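Data first, discussion second: the structure below is written as C-alpha cells.
Keep in mind the model is a prediction, meaning the values are calculated, not measured.
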Amino acid sequence: MKFVSTIAGFILFVLFFGFALKNTQAVDLHFFLGYELRGPLVLMLLAFFVAGAALGILAVTPTVFRHRRETSQHKNTIQALQSAAGTGAAQPASDAVAPTPR
C-alpha cells in the first residue's frame with residue numbers, strides 16, 4: 001500500500017510541476033485604491049491557495065479548542081462518576097426514575 005501511495009504522490013508531483021511550467025506568464029492583480037500586483041500565474045495561484053488554507057485553519061481553530069475543552073470536561077466527569085461508584089456511594093433506588101410511557 002505504501003508503494004501505491006508513493007507512486008500516486010510522484011504522479012501528482014509531476015502533474016503539478018508540469019502545470020507550473022506551462023503557466024509562467026505574468027498576470028496583473030488589481031486591488032482597491034489603485035494597488036496592483038504583478039507576478040507569474042502559478043505563484044499567484046499558490047499564494048492564494050496558501051492564504052485560503054490558512055484562513056480555513058483559523059476559522060476551524062475555535063471549534064477544535066471548544067471540542068478539546070468539552071472532551072476534557074467529559075473525561076473528568078466520567079472519572080468522578082467512576083470513583084464515586086467504586087467507593088460504595090449511595091446508589092439510587094430502583095424506583096427513583098419513572099419509566100417512560102410508550
Side-chain angles (χ1 to χ4, degrees):
M1 187 65 175
K2 186 175 182 176
F3 179 73
V4 173
S5 64
T6 302
I7 294 297
F10 180 73
I11 290 171
L12 283 174
F13 174 77
V14 169
L15 286 174
F16 288 139
F17 188 70
F19 176 79
L21 290 177
K22 292 296 242 178
N23 291 291
T24 57
Q25 65 271 17
V27 294
D28 294 329
L29 290 177
H30 300 278
F31 295 98
F32 295 107
L33 303 174
Y35 184 71
E36 185 176 316
L37 186 62
R38 184 173 180 83
L41 176 63
V42 70
L43 291 182
M44 295 294 176
L45 288 173
L46 179 64
F48 279 93
F49 173 78
V50 169
L55 286 175
I57 290 171
L58 285 175
V60 172
T61 301
T63 305
V64 170
F65 282 122
R66 187 180 74 236
H67 284 279
R68 284 185 181 180
R69 186 175 58 246
E70 288 175 356
T71 302
S72 175
Q73 290 172 350
H74 291 311
K75 284 181 182 179
N76 292 339
T77 303
I78 289 170
Q79 288 177 351
L81 290 173
Q82 286 177 342
S83 66
T87 59
Q91 298 291 325
S94 61
D95 61 347
V97 177
T100 58
R102 293 182 187 219

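For Leu21 against Thr24, the heavy-atom pair with the smallest separation is O-CG2, 3.6 Å.
To the nearest 0.5 Å, the span separating CD1 on Ile7 from NZ on Lys2 amounts to 13.0 Å.
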Donor-acceptor contacts under 3.5 Å from residues 31-56 side chains, at least two apart:
residue: Glu36; atom: OE1; partner: His30; partner atom: ND1; Å: 3.4
residue: Arg38; atom: NH1; partner: Asp28; partner atom: OD1; Å: 2.6
residue: Arg38; atom: NH1; partner: Asp28; partner atom: OD2; Å: 3.1

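In this structure, Ile11 is a member of the same hydrophobic cluster as Phe3, with clusters built from ILVMFWY side-chain heavy atoms closer than 4.5 Å.
Just one of Gln79, His74, Gln73 meets the side-chain contact (heavy atoms from CB on, under 4.5 Å) condition when paired with Asn76; it is Gln79.
Within the 4.5 Å cutoff, side-chain heavy atoms of Thr61 are placed close to those of Phe65.
With sequence neighbours excluded, the residues that form a salt bridge (Lys or Arg N to Asp or Glu O under 4.0 Å) with Glu70 are Arg66.
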